[in-house]
Engineer: 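Take a look at this one; I'll ask things after.
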Amino acid sequence: MVFEYKPKGVCSQHFRFEIEDNKIQSLKVVGGCNGNLSGISKILVGMDIDHVIERFSNTTCGYKNTSCPDQIAEALKAYKNANA
């Protein structure tokens with residue numbers, strides 16, 4: 001299933017996930033730090049979304065109260081709520 005999310009408070013502008021059986025099949029990110037987010041996207045392939053939420057939640061970036069990893073966790077929480 002494809003799930004799209006607009007992150008808030010970060011440089012990234014759009015997330016596009018493919019999720020099957022509670023596992024991330026792919027993540028495409030528009031905007032943000034390309035190298036870091038490309039690496040994160042590759043690492044996440046095959047990971048269980050609950051594990052990603054646990055690891056990425058409450059990660060901050062500099063002075064911000066959030067970060068791209070935190071917004072990935074928020075996106076996955078929204079996906080779970082929409083598909084509960």
Engineer: Considering all heavy atoms of both residues, which atom of F15 and which atom of I72 are nearest to each other, and what is their separation?
Structural biologist: CE1-N, 3.7 Å

Engineer: With the side chain counted from C-beta on, respond yes when K28 and F17 share a heavy-atom pair under 4.5 Å apart, and no when they do not.
Structural biologist: no

Engineer: I'd like to know if the side chain of S41 and the backbone of L27 have a donor-acceptor N/O pair within less than 3.5 Å.
Structural biologist: yes

Engineer: Indicate yes or no for a side-chain donor-acceptor contact from S12 to the backbone of C68 under 3.5 Å, with no hydrogens or angles considered.
Structural biologist: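 The answer is no, because no donor-acceptor pair under 3.5 Å joins these two groups.
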
Engineer: Side chain to side chain contact (heavy atoms under 4.5 Å, CB included) for L76 and I24? Distances and angles first, verdict last.
Structural biologist: CA-CA 10 Å; L76 294 172; I24 298 170; 4.0 Å; yes

Engineer: Whether R16 and E18 form a salt bridge (side-chain N of Lys/Arg under 4.0 Å from carboxylate O of Asp/Glu) is what I want to check.
Structural biologist: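 Judged by the 4.0 Å cut-off on N to carboxylate O distance, E18 and R16 do form a salt bridge.
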
Engineer: Looking only at heavy atoms, what is the nearest atom pair of K6 and Q13, with distance?
Structural biologist: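 Distance-wise, the nearest heavy atoms are CG-O, 3.7 Å.
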
Engineer: With a 4.5 Å heavy-atom cut-off, do I53 and K77 have their side chains touching?
Structural biologist: yes

Engineer: So, do V52 and L44 sit near enough that their side-chain heavy atoms are less than 4.5 Å apart?
Structural biologist: yes

Engineer: Is there a side chain to side chain contact (heavy atoms under 4.5 Å, CB included) between M1 and E20 once you walk through the steps?
Structural biologist: CA-CA 6 Å; M1 166 184 270; E20 282 184 36; over 6 Å; no

Engineer: Please report the shortest heavy-atom distance between M47 and I43, naming the atom on each side.
Structural biologist: SD-O, 3.5 Å

Engineer: Could you tell me whether a side-chain N or O of T59 sits under 3.5 Å from a main-chain N or O of F56, the two making a donor and an acceptor?
Structural biologist: yes

Engineer: Identify the two heavy atoms, one from F3 and one from A75, that lie closest to each other, and give their separation to 0.1 Å.
Structural biologist: CE2-O, 3.2 Å

Engineer: Whether the side chain of D70 engages the backbone of S57 through a donor-acceptor N/O pair (distance < 3.5 Å, no angle test) should be reported.
Structural biologist: no

Engineer: Flag the pair S26 / K42 as yes when at least one side-chain heavy-atom distance between them is below 4.5 Å, and no otherwise.
Structural biologist: no

Engineer: Measure across L37 and G32 and return the closest heavy-atom pair with its distance rounded to 0.1 Å.
Structural biologist: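 In this case the closest contact between L37 and G32 is CD1-CA, 3.8 Å.
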
Engineer: Can you hop from I19 to I40 via hydrophobic side chains spaced under 4.5 Å?
Structural biologist: yes

Engineer: Minimum heavy-atom separation for C11 to K64, with atom names?
Structural biologist: SG-NZ, 3.9 Å

Engineer: Is N83 atom CG crowded by more than 12 heavy atoms from other residues, nucleotides or ligands, each under 6.0 Å away?
Structural biologist: yes

Engineer: Do Q71 side-chain atoms and K8 backbone N/O form a donor-acceptor pair below 3.5 Å?
Structural biologist: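 Answer holds: yes.
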
Engineer: State whether D50 and K80 are salt-bridged, where the test is any N-O pair (Lys NZ or Arg NE/NH1/NH2 against Asp/Glu carboxylate O) under 4.0 Å.
Structural biologist: yes

